[in-house]
Amino acid sequence: MDKIRVVGGKALHGRVEVSGAKNAALPAMAATLLTAETIRLENIPYVKDILTTRTLLESMGVAASVSEDGAGEFKADAPTSLEAPYELVKTMRASVLVLGPLLARFKKARVSLPGGCAIGARPINLHLQGLEKMGAKCEVTHGYVDATAEALRGAYIQMDTVTVTGTENLMMAAVLAEGVTVLDNAACEPEVENLADMLRAMGAEIEGDGTRTIRIRGVKRLKGCRHKVIPDRIEAGTFAIAAAITQGDVEIANCNPKHLTSVLTQLNLVGAEISLGENGFRVRGHAAVSSKNVTTFPYPAFPTDMQAQYMALMTQGDGTAIITETIFENRFMHAQELRRMGADIVVEGRQAVVRGGKPLTGAKVQASDLRASASLVLAGLAAQGETVIDRVYHLDRGYCRIEAKMAGLGAEIERIH
Ligand code: EPU
């Protein structure tokens with residue numbers, strides 16, 4: 001199993017290019033099931049979750065290719081299976097994104113029910129309730145959701161909780177349903193808007209994406225298209241914290257700073273200098289880091305996917321920061337590993353109290369999920385001596401060549417096979 005070795009203490013300098021967003025590419029790949037025509041995607045990040053989705057599509061008989069330069073071609077003209085098996089879903093919950101498109105086009109889908117994961121229970125009840133409102137029957141037996149529909153009909157669907165993949169699944173189901181669907185309390189993450197752009201390019205009629213109410217008028221059929229995946233705002237934010245935590249000076253290129261407003265505002269508040277450009281931004285870190293509280297909320301607020309990385313930064317703060325996680329009930333697994341590196345963090349339910357000012361020292365640590373892994377890399381960059389991060393497969397699910405990109409900025413970091 002691969003590990004990452006980091007020797008801390010080097011300020012990062014230079015320019016880094018952000019890859020495509022995993023969480024935008026995954027629904028885009030699922031959406032290729034909505035048409036028999038060819039779909040060409042650009043800017044797909046070459047990470048493990050993408051390769052898992054390619055395997056999933058191939059297992060359904062879809063012609064799917066993804067190359068390291070980010071180009072992908074997909075043709076679902078004659079699927080041979082309408083099932084997402086347990087073996088794949090258990091490694092990547094986002095497999096559940098095929099449910100909406102399969103049901104919309106073939107009126108039938110069989111998808112393994114994802115279990116809980118390292119960050120929380122993560123049920124899919126809202127996906128299923130929405131589909132049922134549209135006329136589907138969803139039965140859960142033997143660990144699988146068997147969904148069928150004679151026809152999907154437009155419906156008014158109000159979601160109790162803002163769910164990103166839930167919104168995406170229902171949007172993909174609604175584009176081929178009869179009549180109008182309204183998704184209320186919808187997620188307005190940029191990844192949802194990017195999916196809506198793709199669906200419109202395929203001929204779908206969607207309005208209101210990027211707001212809490214999305215209105216979709218179903219069409220009879222969708223066509224092929226060419227679509228570009230947006231840059232990964234979480235990868236960009238991770239590099240921003242890398243610059244801040246090492247007191248470096250990094251230009252983060254090829255991303256949309258507007259997608260990072262809450263993160264950059266927070267970094268500015270804690271003392272990093274941010275200058276915005278058209279297609280990127282620059283972060284200059286300083287020795288003085290102010291400890292500031294943060295609470296995660298759905299977009300456009302501070303994202304849960306940046307919480308672990310921010311916690312690493314707060315270990316270097318000048319006081320106490322309270323980090324409140326409102327999205328996932330168990331997303332503080334990195335705290336105990338950061339403690340092994342000398343951090344002073346107390347977790348109480350949904351809150352972590354981080355007392356800064358303690359120098360971090362390198363240690364052997366274990367990654368528990370994707371963003372927790374990133375937080376350990378960041379802590380390693382700031383720590384004295386060597387940090388070895390185990391279970392790097394979590395990192396590989398969503399970060400494209402992170403060690404090479406960090407090394408390009410002057411970090412002493414390598415992958416150990
Ligand atoms: N929820 C329900 N019922 C549902 C769906 C969600 O109760 O049917 C709850 C969840 O348990 C959670 C909250 O709603 O408490 C929000 O979850 P959401 O459904 O938005 O999460 P997701 O769609 O499963 C996506 C990202 C995550 C990101 C979250 C929140 C993808 C593929 N995944 O997950 O990304 O943390 O939204 O922004 O888009 C990551 O990239 O590391 C990652 C975990």
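Whatever order the structure lists them in is the order used to number ligands and atoms, beginning at 1.
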Between L170 and M159, does the side-chain contact (heavy atoms from CB on, under 4.5 Å) criterion hold? Intermediate values first, please. CA-CA 11 Å; L170 296 178; M159 285 166 280; 4.0 Å; yes
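- Between E168 and ligand 1, not a single N/O pair is under 3.5 Å apart.
- I206 is listed as a side-chain neighbour of M171, based on a closest heavy-atom distance under 4.5 Å.
- In V164, the parts holding a heavy atom less than 4.0 Å from any atom of ligand 1 are both the side chain and the backbone.
- Side-chain polar atoms of Y399 and R371 form a donor-acceptor pair below 3.5 angstrom.
- Taking only nitrogen or oxygen atoms, main chain and side chain alike, R371 reaches within less than 3.5 Å of ligand 1.
- Atom 16 (C) of ligand 1 has its nearest heavy-atom neighbour, among I234, D160, V162, in V162.
- Taking a cutoff of 4.0 Å between a charged side-chain nitrogen and a carboxylate oxygen, R93 and D49 do not qualify as a salt bridge.
- Ionic pairing of E37 and R221 is present here: one or more N-O contacts between side-chain nitrogen and carboxylate oxygen are shorter than 4.0 angstrom.
- Heavy atoms from both the backbone and the side chain of I327 come within less than 4.0 Å of ligand 1.
- Looking only at heavy atoms of the protein, atom 19 (O) of ligand 1 is closest to T163 OG1, 2.7 Å.
- Within ligand 1, counting atoms from 1 as listed, the ones closer than 4.0 Å to a heavy atom of I124 are 4 (C), 8 (O).
- A salt bridge does not link E150 with K107: every distance from a Lys NZ or Arg NE/NH1/NH2 to an Asp or Glu carboxylate oxygen is 4.0 Å or more.
- Here's the thing with K22: one of its N/O atoms is less than 3.5 angstrom from an N/O atom of ligand 1.
- No more than 12 heavy atoms of other residues, nucleotides or ligands lie within 6.0 Å of NZ in K48, so this atom counts as exposed by the packing criterion.
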How far apart are the C-alpha atoms of D369 and R397, what are their side-chain angles, what is the distance that settles it, and do they pass the salt bridge (charged side-chain N to carboxylate O under 4.0 Å, His left out) test? CA-CA 9 Å; D369 76 79; R397 290 186 52 188; over 6 Å; no
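- Inclusion of P123 in the set of residues having an N or O under 3.5 Å from an N or O of ligand 1 is warranted.
- Nearest protein heavy-atom contact of atom 3 (N) of ligand 1 is N125 OD1, 2.7 Å.
- If you look at Q129 next to ligand 1, there are no close heavy atoms at all, none under 4.0 Å.
- Atom 44 (C) of ligand 1 has its closest protein heavy atom at R331 NH2, 3.5 Å.
- Between R40 and E73, at least one side-chain nitrogen of the basic residue sits less than 4.0 Å from a carboxylate oxygen of the acidic one, meeting the salt-bridge criterion.
- For atom 21 (O) of ligand 1, the nearest non-hydrogen atom of the protein is F328 CZ, 3.7 Å.
- Using a cutoff of 4.0 Å between basic side-chain nitrogens and carboxylate oxygens, E17 and R15 are scored as salt-bridged.
- Residue-level proximity to ligand 1 for L126 is carried by backbone and side chain together, each with a heavy atom below 4.0 angstrom.
- Residue contacts with ligand 1 for T161 involve side-chain atoms from C-beta outward but no N, CA, C or O (heavy atoms, distance under 4.0 Å).
- Of all the heavy atoms of H127, the ones lying under 4.0 Å from any atom of ligand 1 are found in both the backbone and the side chain.
- For ligand 1, the polar-atom distance check finds no N/O of T304 at less than 3.5 Å from any of the ligand's N/O atoms.
- A donor-acceptor pair under 3.5 Å is absent between the side-chain atoms of D146 and the main chain of R110, judged by distance alone.
- Other residues, nucleotides and ligands contribute at most 12 non-hydrogen atoms within 6.0 Å of the OH atom of Y86.
- In D305, the part holding a heavy atom less than 4.0 Å from any atom of ligand 1 is the side chain.
- When hydrogens are left out, the protein atom nearest atom 39 (O) of ligand 1 is N23 CG, 3.3 Å; that is the closest non-hydrogen contact.
- With respect to the salt-bridge test (charged N to carboxylate O, under 4.0 angstrom), the residues K10 and E412 qualify.
- The backbone and the side chain of R122 each have at least one atom closer than 4.0 Å to an atom of ligand 1 (non-hydrogen atoms only).
- With ligand atoms numbered from 1 in the order given, ligand 1 contributes 22 (P), 23 (O), 24 (O), 31 (C), 32 (C), 39 (O) to contacts under 4.0 Å with heavy atoms of T165.
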